[in-house]
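In what follows, a structure is listed as structure tokens, so that the remarks can point back to it.
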Amino acid sequence: MTAMRGIIQDDGQVAAQAYLTWWQSAGVDSAVAEAPINWLRPAVAPVSGHSASRPTSVVTNQKPKELESFQRWLQDDSAHPEHRWPGRAILPAGSVDAPLMIVTDMPDPADLDAGTLLADRAGGLCDAMLRAIGLDRADVYVASLFFRRPPGGMVEAADLAAAADRMRTHVHLARPRRLLLLGDRTVRALMPVSGEVQPDSLRNFNHDGGIVPAVATFHPRLLLSQPAAKAECWRALQSLIEENRP
């Protein structure tokens with residue numbers, strides 16, 4: 001029995017050593033931390049005068065001062081969270097000083113195939129919504145909080161906050177006369193709902209250069225699956241029509 005116990009102990013030591021050797025070969029040669037770490041997230045370089053333990057977002061610093069350079073900045077600056085995600089980038093489209101700017105949360109799978117935001121059936125419904133208030137897709141500026149679709153369509157809270165801050169600059173540079181926010185995630189990021197405000201009424205959206213009248217409503221993709229919500233969406237769109245009257 002004693003000999004058998006010694007054999008088992010020897011085998012256990014060999015197995016443990018083999019296990020440690022495997023991890024060392026993989027590059028793990030020491031304990032890291034008790035809490036899990038997202039190793040796929042790029043490290044943020046410390047900024048002079050700040051503690052290295054305080055993460056600093058380079059995305060929100062030194063933002064461009066005009067719309068064309070802002071769009072290039074979205075595409076070229078590797079600090080944006082979208083540059084960690086694979087897939088096609090769908091950049092905003094439209095002209096400055098548009099009568100309406102539409103903001104959605106992120107490209108849908110159909111948008112990635114089409115190369116444009118609000119494509120396919122959801123896009124067709126969005127076009128019908130625009131016609132109902134006397135506008136055409138060519139008249140409006142269309143943008144999204146995120147210009148790529150993250151894996152699984154899920155984003156971290158820090159990335160959502162950075163995208164919201166970025167969008168406030170975006171609206172300032174695009175200078176639309178009105179703003180239409182589509183979808184719950186977009187609304188919660190940009191204009192958290194107050195209990196004192198009706199969901200179908202115009203509200204003031206604060207951007208980097210002032211305010212613009214804004215209304216929030218359902219995303220067309222939800223309306224396709226829940227047609228009963230169209231009535232509330234129409235009431236929201238009517239507030240935009242009234243804003244356009246002399």
Side-chain angles (χ1 to χ4, degrees), residues 59 74 80-82 85 87 90 92-94 100-112 114 116-130 132-133 135 137 140-171 174 176 178-207 211-241 243:
V59 173
L74 290 178
H80 295 297
E82 291 91 341
W85 308 335
I90 309 295
L100 181 68
M101 178 175 179
I102 299 176
V103 181
T104 183
D105 53 355
M106 63 181 64
D108 283 338
D111 300 343
L112 301 178
T116 184
L117 291 169
L118 299 171
D120 200 49
R121 295 177 61 215
L125 182 54
C126 180
D127 291 341
M129 293 163 59
L130 290 174
I133 59 174
L135 293 174
R137 181 74 74 103
V140 304
Y141 187 95
V142 183
S144 55
L145 282 173
F146 297 100
F147 57 84
R148 273 196 178 98
R149 185 172 182 84
M154 304 297 293
V155 295
E156 298 179 15
D159 292 338
L160 189 61
D165 177 78
R166 185 177 67 188
M167 184 55 69
R168 283 186 279 272
T169 300
H170 198 164
V171 174
R178 293 165 293 163
L179 195 62
L180 177 61
L181 307 180
L182 298 180
D184 180 66
R185 179 157 39 192
T186 306
V187 176
R188 285 188 288 109
L190 297 178
M191 294 183 69
V193 176
S194 167
E196 301 176 355
V197 180
Q198 294 298 319
D200 57 355
S201 62
L202 280 169
R203 302 169 62 189
N204 286 328
F205 174 76
N206 295 292
H207 56 76
I211 59 174
V212 61
V215 71
T217 191
F218 301 108
H219 196 285
R221 62 174 172 254
L222 183 139
L223 297 177
L224 290 172
S225 61
Q226 300 183 29
K230 289 182 179 180
E232 185 175 336
C233 179
W234 172 238
R235 288 194 296 271
L237 293 175
Q238 282 180 309
S239 66
L240 292 176
I241 297 174
E243 176 68 14

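Just so it is clear, the model here is predicted, and its values are computed rather than measured.
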Practice prompt. Any chance you could measure Asp127, atom CG, to Arg137, atom CZ, to the nearest 0.5 Å?
Written response: 4.5 Å
Discussion item. Which heavy atom of Ala163 sits nearest to which heavy atom of Leu145, and what is that distance?
Written reply: CB-O, 3.6 Å
Practice prompt. Please step through side-chain contact (heavy atoms from CB on, under 4.5 Å) for the pair Arg203 and Val215, ending with a clear verdict.
Written response: CA-CA 6 Å; Arg203 302 169 62 189; Val215 71; over 6 Å; no
Item to complete: Mind running side-chain contact (heavy atoms from CB on, under 4.5 Å) on Thr217 and Trp234 for me, showing each step along the way?
Response: CA-CA 9 Å; Thr217 191; Trp234 172 238; over 6 Å; no
Worksheet item: Is any side-chain heavy atom of Tyr141 closer than 4.5 Å to a side-chain heavy atom of His170?
Response: yes
Worksheet item: Between Leu130 and Leu100, is any pair of side-chain heavy atoms under 4.5 Å apart?
Response: yes
Worksheet item: Given side chains that start at C-beta, do those of Phe205 and Arg168 come closer than 4.5 Å, heavy atoms only?
Response: yes
Worksheet entry | From CG (Leu190) to CG (Leu179), nearest 0.5 Å | 7.5 Å
Discussion item. Any heavy-atom pair between the side chains of Ile102 and Leu117 that's under 4.5 Å?
Written reply: no
Practice prompt. Can you see which heavy atom on Leu112 is nearest to which on Pro107, and at what distance?
Written response: CD2-CB, 3.8 Å
Fill in: Closest non-hydrogen atom pair, Arg149 against Trp85
C-CE3, 4.1 Å
Worksheet, complete the sentence: One should read off an interatomic distance between His219 NE2 and Leu181 CG, to the nearest 0.5 angstrom, of 11.5 Å
Worksheet item: Strictly by modelled atom types, are Arg166 and His80 linked by a side-chain donor-acceptor pair under 3.5 Å?
Response: yes
Worksheet entry | Leu160 and Glu156, any side-chain heavy atoms less than 4.5 Å apart | no
Worksheet item: Quick one: are Arg188 and Asp105 in side-chain contact, heavy atoms under 4.5 Å?
Response: no
Practice prompt. Could you grab the distance from atom CZ of Phe147 to atom CD1 of Ile90, nearest 0.5 Å is fine?
Written response: 11.0 Å
Fill in: Any side-chain heavy-atom pair of Leu240 and Pro213 under 4.5 Å
no
Discussion item. So does Ile211 get a backbone contact from the side chain of Asn206, meaning a donor-acceptor N/O pair under 3.5 Å?
Written reply: no
Fill in: Evaluation steps, side-chain contact (heavy atoms from CB on, under 4.5 Å), between Met129 and Leu223
CA-CA 11 Å; Met129 293 163 59; Leu223 297 177; 4.2 Å; yes
Fill in: Residue pair Thr186 / Thr104: nearest heavy atoms and the distance that separates them
OG1-C, 3.3 Å
Worksheet item: Rounded to the nearest 0.5 Å, what separation is found between the CG atom of Leu125 and the NZ atom of Lys230?
Response: 5.5 Å
Worksheet, complete the sentence: Note: Met191 and Asn204 closest approach over all heavy atoms is CE-O, 3.8 Å
Worksheet entry | Sub-4.5 Å side-chain heavy-atom contact between Met101 and Leu180 | no
Worksheet item: Looking only at heavy atoms, what is the nearest atom pair of Ala189 and Ala164, with distance?
Response: O-CB, 3.6 Å
Practice prompt. Go through the steps to decide whether Asp108 and Leu118 satisfy the test side-chain contact (heavy atoms from CB on, under 4.5 Å), and finish with yes or no.
Written response: CA-CA 8 Å; Asp108 283 338; Leu118 299 171; 5.9 Å; no
Worksheet item: Under a 4.0 Å N-O cut-off, is there an ion pair linking Arg221 with Asp120?
Response: no
Practice prompt. Kindly compute the distance separating CZ (Arg178) from CG (Leu135), expressed to the nearest 0.5 Å.
Written response: 5.5 Å
Discussion item. Could you check whether His207 and Thr169, counting side-chain N and O atoms only, form a donor-acceptor pair closer than 3.5 Å?
Written reply: no
